[in-house]
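Structure, as C-alpha coordinates:
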Amino acid sequence: MPELPEVEIIKRELTLVLVDQQIVSLEIIDPKLKVKPDDVGGKLIKNLIRKGKYLFWIFSDQSSLLVHLGMTGHFLYTSNREHLPYQRALIVLSEGYLSFCDSRRFGKMQYLTMTEREKVMSSLGIDPLSEDYSWDRFEQLFKDKSLSVKNFLMNQKYLAGIGNIYASEILFLSAIHPEKRVSELSLDEKRTLYSSIPVILNRAIVCEGTTIRDYHHSDGSSGSFQYRLRVYNKEGVPCDVCGTEIRRLKISQRSTYYCPNCQKR
DNA sequence: CATTCATCCTGCTGGC
DNA sequence: TGCCAGCAGGATGAAT
(Lines give C-alpha, C1' and ligand atoms only; values in the text may rest on other atoms or scores of the structure.)
Protein backbone atom coordinates (compact mmCIF):
# COMPACT_ATOMS: atom_id res chain seq x y z
CA MET A 1 0.00 0.00 0.00
CA PRO A 2 2.18 2.86 1.05
CA GLU A 3 5.33 3.18 -1.00
CA LEU A 4 8.28 5.43 -0.32
CA PRO A 5 6.45 8.78 -0.80
CA GLU A 6 3.59 7.81 1.48
CA VAL A 7 5.95 6.52 4.15
CA GLU A 8 7.99 9.73 3.86
CA ILE A 9 4.87 11.83 4.45
CA ILE A 10 3.92 9.66 7.41
CA LYS A 11 7.45 9.98 8.75
CA ARG A 12 7.22 13.79 8.62
CA GLU A 13 3.84 13.83 10.31
CA LEU A 14 4.88 11.39 13.01
CA THR A 15 8.15 13.22 13.58
CA LEU A 16 6.22 16.34 14.57
CA VAL A 17 4.13 14.32 16.98
CA LEU A 18 6.60 11.83 18.40
CA VAL A 19 10.07 13.31 18.73
CA ASP A 20 10.93 14.05 22.36
CA GLN A 21 7.77 12.35 23.52
CA GLN A 22 7.71 9.47 25.92
CA ILE A 23 5.76 6.29 25.33
CA VAL A 24 3.68 5.93 28.44
CA SER A 25 2.41 2.50 27.49
CA LEU A 26 1.63 0.25 24.58
CA GLU A 27 -1.45 -1.88 24.16
CA ILE A 28 -1.12 -4.72 21.67
CA ILE A 29 -4.41 -5.84 20.21
CA ASP A 30 -3.03 -8.06 17.42
CA PRO A 31 -0.57 -10.62 18.79
CA LYS A 32 1.06 -10.92 15.36
CA LEU A 33 2.93 -7.71 16.18
CA LYS A 34 6.34 -8.50 17.61
CA VAL A 35 6.50 -5.92 20.37
CA LYS A 36 5.79 -6.35 24.02
CA PRO A 37 4.48 -3.51 26.12
CA ASP A 38 7.57 -3.80 28.36
CA ASP A 39 9.89 -3.34 25.36
CA VAL A 40 8.83 0.23 24.72
CA GLY A 41 6.97 1.41 27.82
CA GLY A 42 8.77 4.46 29.23
CA LYS A 43 11.06 4.88 26.20
CA LEU A 44 11.87 8.34 24.93
CA ILE A 45 11.59 8.79 21.16
CA LYS A 46 14.54 10.75 19.82
CA ASN A 47 14.32 10.39 16.08
CA LEU A 48 12.54 8.74 13.16
CA ILE A 49 14.44 7.16 10.30
CA ARG A 50 12.97 5.97 7.03
CA LYS A 51 14.65 3.59 4.65
CA GLY A 52 12.57 2.53 1.67
CA LYS A 53 9.15 1.66 3.03
CA TYR A 54 10.46 0.98 6.53
CA LEU A 55 10.20 3.35 9.43
CA PHE A 56 12.32 3.10 12.58
CA TRP A 57 11.48 4.94 15.75
CA ILE A 58 14.79 5.47 17.48
CA PHE A 59 14.75 5.61 21.27
CA SER A 60 17.20 7.43 23.50
CA ASP A 61 18.88 4.11 24.40
CA GLN A 62 19.42 3.40 20.67
CA SER A 63 16.96 0.54 20.57
CA SER A 64 14.12 1.04 18.11
CA LEU A 65 10.68 0.13 16.91
CA LEU A 66 10.43 -1.10 13.32
CA VAL A 67 7.22 -0.21 11.54
CA HIS A 68 6.18 -1.46 8.12
CA LEU A 69 2.69 -0.57 6.98
CA GLY A 70 2.18 -3.46 4.57
CA MET A 71 -0.78 -2.83 2.27
CA THR A 72 -3.30 -1.19 4.57
CA GLY A 73 -1.50 -0.07 7.71
CA HIS A 74 -1.92 3.49 8.95
CA PHE A 75 -1.65 5.63 12.04
CA LEU A 76 -4.19 7.96 13.55
CA TYR A 77 -3.18 10.51 16.13
CA THR A 78 -5.93 11.66 18.48
CA SER A 79 -6.14 13.62 21.66
CA ASN A 80 -8.52 11.11 23.23
CA ARG A 81 -8.30 7.35 23.60
CA GLU A 82 -10.04 5.79 20.60
CA HIS A 83 -11.26 2.37 19.70
CA LEU A 84 -11.15 2.24 15.91
CA PRO A 85 -11.98 -0.32 13.23
CA TYR A 86 -9.08 -2.71 12.52
CA GLN A 87 -7.10 -1.27 15.37
CA ARG A 88 -4.05 -3.46 16.06
CA ALA A 89 -2.22 -1.41 18.66
CA LEU A 90 -2.60 1.71 20.76
CA ILE A 91 0.38 3.78 21.80
CA VAL A 92 -0.27 5.97 24.79
CA LEU A 93 1.99 9.02 24.68
CA SER A 94 2.64 11.69 27.26
CA GLU A 95 0.48 13.85 25.00
CA GLY A 96 -2.17 12.07 22.98
CA TYR A 97 -2.81 8.63 21.57
CA LEU A 98 -1.56 6.97 18.44
CA SER A 99 -3.62 4.14 16.98
CA PHE A 100 -2.19 1.65 14.51
CA CYS A 101 -4.92 0.29 12.25
CA ASP A 102 -4.43 -2.34 9.57
CA SER A 103 -7.33 -4.21 8.02
CA ARG A 104 -5.30 -6.77 6.10
CA ARG A 105 -2.79 -7.31 8.86
CA PHE A 106 0.24 -7.32 6.56
CA GLY A 107 1.78 -4.52 8.57
CA LYS A 108 4.68 -5.15 10.94
CA MET A 109 5.82 -3.77 14.24
CA GLN A 110 8.93 -5.16 15.83
CA TYR A 111 11.17 -4.13 18.67
CA LEU A 112 14.87 -4.13 17.68
CA THR A 113 18.21 -3.64 19.36
CA MET A 114 20.60 -1.33 17.57
CA THR A 115 22.47 -4.30 16.08
CA GLU A 116 19.25 -5.85 14.84
CA ARG A 117 18.18 -2.58 13.27
CA GLU A 118 21.49 -2.20 11.47
CA LYS A 119 21.09 -5.70 10.12
CA VAL A 120 17.59 -4.96 8.80
CA MET A 121 18.74 -1.70 7.26
CA SER A 122 21.71 -3.25 5.51
CA SER A 123 19.49 -5.95 4.02
CA LEU A 124 17.62 -3.21 2.17
CA GLY A 125 18.83 -1.78 -1.11
CA ILE A 126 19.60 1.83 -1.91
CA ASP A 127 16.97 4.38 -0.97
CA PRO A 128 16.63 6.54 -4.12
CA LEU A 129 16.16 9.71 -2.09
CA SER A 130 19.17 9.18 0.13
CA GLU A 131 22.77 10.26 -0.30
CA ASP A 132 23.65 6.67 -1.12
CA TYR A 133 21.89 7.02 -4.44
CA SER A 134 24.58 7.69 -7.02
CA TRP A 135 25.05 6.76 -10.66
CA ASP A 136 28.03 4.54 -9.83
CA ARG A 137 26.11 2.50 -7.28
CA PHE A 138 23.03 2.38 -9.45
CA GLU A 139 24.98 1.07 -12.39
CA GLN A 140 26.58 -1.62 -10.22
CA LEU A 141 23.14 -3.02 -9.45
CA PHE A 142 22.73 -4.26 -13.02
CA LYS A 143 25.74 -6.56 -12.93
CA ASP A 144 24.90 -10.24 -13.47
CA LYS A 145 21.17 -9.65 -13.62
CA SER A 146 18.69 -10.41 -16.33
CA LEU A 147 15.31 -9.98 -14.63
CA SER A 148 12.65 -7.68 -16.05
CA VAL A 149 13.12 -4.01 -15.27
CA LYS A 150 9.76 -3.93 -13.45
CA ASN A 151 10.84 -6.70 -11.09
CA PHE A 152 14.17 -4.99 -10.68
CA LEU A 153 12.51 -1.78 -9.51
CA MET A 154 10.18 -3.67 -7.18
CA ASN A 155 12.84 -5.74 -5.45
CA GLN A 156 13.64 -4.06 -2.15
CA LYS A 157 17.11 -5.54 -1.89
CA TYR A 158 18.24 -3.59 -4.96
CA LEU A 159 16.33 -0.34 -4.52
CA ALA A 160 14.29 0.31 -1.40
CA GLY A 161 10.95 2.07 -1.60
CA ILE A 162 9.45 1.53 -5.07
CA GLY A 163 6.17 -0.39 -5.16
CA ASN A 164 3.58 -1.25 -7.74
CA ILE A 165 2.21 2.23 -8.49
CA TYR A 166 5.50 4.07 -8.83
CA ALA A 167 7.21 1.26 -10.76
CA SER A 168 4.69 1.73 -13.59
CA GLU A 169 4.93 5.52 -13.42
CA ILE A 170 8.74 5.51 -13.42
CA LEU A 171 8.87 3.22 -16.45
CA PHE A 172 6.38 5.37 -18.33
CA LEU A 173 8.43 8.50 -17.68
CA SER A 174 11.54 6.59 -18.77
CA ALA A 175 9.80 5.26 -21.90
CA ILE A 176 10.93 1.72 -21.08
CA HIS A 177 8.78 -1.37 -21.51
CA PRO A 178 8.23 -3.04 -18.11
CA GLU A 179 9.11 -6.51 -19.40
CA LYS A 180 12.43 -5.43 -20.85
CA ARG A 181 15.34 -7.32 -19.29
CA VAL A 182 17.75 -5.15 -17.39
CA SER A 183 20.58 -6.85 -19.28
CA GLU A 184 19.15 -5.38 -22.49
CA LEU A 185 18.91 -1.78 -21.33
CA SER A 186 21.08 0.67 -23.22
CA LEU A 187 23.30 3.11 -21.35
CA ASP A 188 20.87 5.88 -22.26
CA GLU A 189 17.93 3.93 -20.88
CA LYS A 190 19.77 3.25 -17.63
CA ARG A 191 20.61 6.91 -17.29
CA THR A 192 17.01 7.90 -17.97
CA LEU A 193 15.80 5.38 -15.44
CA TYR A 194 18.32 6.62 -12.90
CA SER A 195 17.01 10.17 -13.15
CA SER A 196 13.31 9.29 -13.47
CA ILE A 197 13.16 7.40 -10.18
CA PRO A 198 13.73 10.39 -7.86
CA VAL A 199 11.68 12.66 -10.14
CA ILE A 200 8.56 10.51 -9.72
CA LEU A 201 9.10 9.88 -6.02
CA ASN A 202 9.67 13.57 -5.30
CA ARG A 203 6.62 14.62 -7.29
CA ALA A 204 4.53 12.21 -5.29
CA ILE A 205 5.93 13.60 -2.05
CA VAL A 206 5.04 17.14 -3.13
CA CYS A 207 1.49 15.84 -3.67
CA GLU A 208 1.61 14.18 -0.25
CA GLY A 209 1.27 10.71 -1.71
CA THR A 210 -1.29 8.76 -3.71
CA THR A 211 -4.68 7.96 -2.22
CA ILE A 212 -6.52 5.30 -4.18
CA ARG A 213 -8.33 3.53 -1.41
CA ASP A 214 -6.53 2.93 1.86
CA TYR A 215 -3.75 5.43 2.25
CA HIS A 216 -4.52 8.41 4.46
CA HIS A 217 -2.51 10.84 6.51
CA SER A 218 -2.40 10.50 10.26
CA ASP A 219 -5.11 13.17 10.50
CA GLY A 220 -7.29 11.26 8.03
CA SER A 221 -6.78 13.50 4.97
CA SER A 222 -5.74 12.29 1.49
CA GLY A 223 -2.82 12.73 -0.87
CA SER A 224 -3.30 14.02 -4.41
CA PHE A 225 -0.82 12.21 -6.65
CA GLN A 226 -3.65 9.98 -7.89
CA TYR A 227 -4.60 12.94 -10.12
CA ARG A 228 -1.11 12.91 -11.62
CA LEU A 229 -0.91 9.23 -12.44
CA ARG A 230 -0.31 8.68 -16.14
CA VAL A 231 -0.59 4.91 -16.48
CA TYR A 232 -1.34 3.22 -13.17
CA ASN A 233 -4.94 2.01 -12.99
CA LYS A 234 -5.62 3.50 -16.43
CA GLU A 235 -6.18 0.47 -18.63
CA GLY A 236 -8.05 1.55 -21.79
CA VAL A 237 -7.51 5.25 -21.16
CA PRO A 238 -5.68 7.15 -23.95
CA CYS A 239 -2.03 7.88 -23.21
CA ASP A 240 -1.65 11.61 -22.63
CA VAL A 241 1.48 11.69 -24.78
CA CYS A 242 0.35 9.80 -27.89
CA GLY A 243 -3.29 8.80 -27.41
CA THR A 244 -2.69 5.06 -27.58
CA GLU A 245 -4.75 3.07 -25.08
CA ILE A 246 -2.92 2.17 -21.89
CA ARG A 247 -2.56 -1.57 -21.40
CA ARG A 248 -2.36 -3.74 -18.35
CA LEU A 249 -0.32 -6.88 -18.01
CA LYS A 250 0.71 -9.10 -15.13
CA ILE A 251 4.30 -9.36 -14.07
CA SER A 252 4.88 -11.71 -11.13
CA GLN A 253 1.16 -11.62 -10.36
CA ARG A 254 1.09 -7.83 -10.09
CA SER A 255 -0.81 -5.55 -12.45
CA THR A 256 1.52 -3.44 -14.54
CA TYR A 257 0.40 -0.54 -16.71
CA TYR A 258 2.18 0.90 -19.75
CA CYS A 259 1.70 2.62 -23.07
CA PRO A 260 2.50 0.15 -25.85
CA ASN A 261 3.52 2.98 -28.18
CA CYS A 262 5.68 5.08 -25.85
CA GLN A 263 7.25 2.08 -24.14
CA LYS A 264 8.49 -0.27 -26.83
CA ARG A 265 10.24 -3.51 -26.05
C1' DC B 1 20.45 -16.01 -9.88
C1' DA B 2 15.59 -15.90 -11.49
C1' DT B 3 10.77 -17.16 -12.03
C1' DT B 4 6.39 -18.97 -10.41
C1' DC B 5 3.40 -19.92 -6.98
C1' DA B 6 1.51 -20.09 -2.49
C1' DT B 7 0.88 -17.82 1.79
C1' DC B 8 -0.16 -14.37 5.11
C1' DC B 9 -5.08 -11.44 5.76
C1' DT B 10 -9.50 -8.78 4.88
C1' DG B 11 -12.59 -5.99 2.22
C1' DC B 12 -14.51 -4.18 -1.92
C1' DT B 13 -16.27 -4.23 -6.66
C1' DG B 14 -18.19 -5.97 -10.74
C1' DG B 15 -20.44 -9.50 -13.23
C1' DC B 16 -23.91 -12.82 -13.41
C1' DT C 1 -30.56 -8.75 -3.89
C1' DG C 2 -27.09 -12.41 -3.38
C1' DC C 3 -23.14 -14.88 -4.46
C1' DC C 4 -18.63 -15.57 -6.14
C1' DA C 5 -14.45 -14.52 -8.56
C1' DG C 6 -10.96 -11.46 -8.83
C1' DC C 7 -8.64 -7.64 -7.30
C1' DA C 8 -5.82 -4.69 -3.96
C1' DG C 9 0.30 0.95 -2.58
C1' DG C 10 3.69 -5.83 0.22
C1' DA C 11 7.00 -9.37 1.52
C1' DT C 12 8.70 -13.98 2.01
C1' DG C 13 9.82 -18.67 1.36
C1' DA C 14 9.55 -23.08 -1.19
C1' DA C 15 9.94 -25.40 -5.35
C1' DT C 16 11.68 -25.45 -9.97
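Chain A is the first sequence line, chain B the second, and so forth, proteins listed ahead of strands; every chain is numbered from 1. This structure is a prediction, so every number in the text was calculated from the model and none was measured.
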Inset, instruction - Would you classify A:Y158 as touching base, sugar-phosphate or nothing, given that sugar-phosphate means primed atoms plus P, OP1 and OP2, and contacts are heavy atoms under 4.0 Å? - result: sugar-phosphate
Inset, instruction - Report yes if a side-chain nitrogen or oxygen of A:Y86 is closer than 4.0 Å to either non-bridging phosphate oxygen (OP1 or OP2) of B:dG11; otherwise report no. - result: yes
Inset, instruction - Report yes if a side-chain nitrogen or oxygen of A:T72 is closer than 4.0 Å to either non-bridging phosphate oxygen (OP1 or OP2) of B:dG11; otherwise report no. - result: no
Inset, instruction - Measure the distance from CG on A:L153 to C1' on C:dG10 and round it to the nearest whole Å. - result: 16 Å
Inset, instruction - Kindly state whether the pair A:F106 / C:dG10 counts as stacked, where counting means centroids closer than 5.5 Å and planes tilted less than 30° apart. - result: yes
Inset, instruction - Ignoring hydrogens and angles, state whether a donor on the side chain of A:Y166 or A:E6 is under 3.5 Å from an acceptor on the partner side chain. - result: yes
Legend entry - Partner nucleotide, any strand, of B:dC9 [Watson-Crick/G-U, under 3.5 Å]: none
Inset, instruction - Check every strand shown and say whether A:S103 touches a base, only sugar-phosphate, or nothing at a heavy-atom separation below 4.0 Å. - result: sugar-phosphate
Inset, instruction - Remember a base hit wins even if backbone is also touched, and classify A:D144 as base, sugar-phosphate or nothing at under 4.0 Å, heavy atoms. - result: sugar-phosphate
Legend entry - A:Y54 OH - C:dA11 P separation (whole Å): 6 Å
Inset, instruction - Could you tell me the separation between the CG atom of A:N151 and the P atom of C:dT12, rounded to a whole number of Å? - result: 15 Å
Inset, instruction - Would you kindly say whether A:K150 and A:T256 are connected by a side-chain donor-acceptor distance under 3.5 Å? - result: yes
Inset, instruction - Please work out if A:L147 contacts a base, only the sugar-phosphate, or nothing of the nucleic acid, heavy-atom cut-off 4.0 Å. - result: sugar-phosphate
Inset, instruction - Check every strand shown and say whether A:S183 touches a base, only sugar-phosphate, or nothing at a heavy-atom separation below 4.0 Å. - result: nothing
Inset, instruction - Check whether any side-chain N or O of A:Q156 sits under 4.0 Å from OP1 or OP2 of C:dA11, and answer yes or no. - result: yes
Inset, instruction - Have a look at A:T211 and say if it touches a base, only the backbone sugar-phosphate, or nothing, with a 4.0 Å heavy-atom cut-off. - result: base
Inset, instruction - Indicate whether OP1 or OP2 belonging to C:dG10 is found under 4.0 Å from a side-chain N or O atom of A:H68. - result: no
Legend entry - Cation over ring face, A:K145 and A:Y158, 6.0 Å, 45°: yes
Legend entry - A:K32 (side chain) donor-acceptor with A:R105 (main chain) under 3.5 angstrom: yes
Inset, instruction - Using a 4.0 Å heavy-atom cut-off across all strands, classify A:Y166 as base, sugar-phosphate, or nothing. - result: nothing
Legend entry - Interatomic distance, A:K108 NZ vs B:dT7 C1' [rounded to whole Å]: 13 Å
Inset, instruction - Measure the distance from CG on A:L124 to P on C:dG10 and round it to the nearest whole Å. - result: 14 Å
Legend entry - Under-4.0 Å side-chain N/O to phosphate OP1/OP2 contact, A:K143 with B:dC1: no
Inset, instruction - Cation-pi check, A:K34 to A:Y111: give yes when NZ or CZ is under 6.0 Å from the six-membered ring centre and within 45° of the ring axis, no otherwise. - result: no
Legend entry - For atom CD of A:E235 and atom C1' of C:dG6, their distance in whole Å: 13 Å
Inset, instruction - Kindly say if A:Q253 contacts the phosphate of B:dC5, meaning a side-chain N or O under 4.0 Å from OP1 or OP2. - result: yes
Inset, instruction - Indicate whether OP1 or OP2 belonging to C:dG10 is found under 4.0 Å from a side-chain N or O atom of A:K53. - result: yes
Inset, instruction - Establish, with yes or no, whether the OP1 or OP2 oxygen of C:dA11 is under 4.0 angstrom from a side-chain nitrogen or oxygen of A:R105. - result: no
Inset, instruction - Would you kindly check whether a donor in the side chain of A:R104 faces an acceptor in the base of B:dC9, or vice versa, at under 3.5 angstrom? - result: yes
Legend entry - Donor-acceptor side-chain pairing of A:E82 and A:S99 below 3.5 angstrom: no
Legend entry - Phosphate OP1/OP2 of C:dA8 contacted by A:K250 side-chain N/O (<4.0 Å): yes
Legend entry - P gap between C:dA5 and B:dA6, integer Å: 16 Å
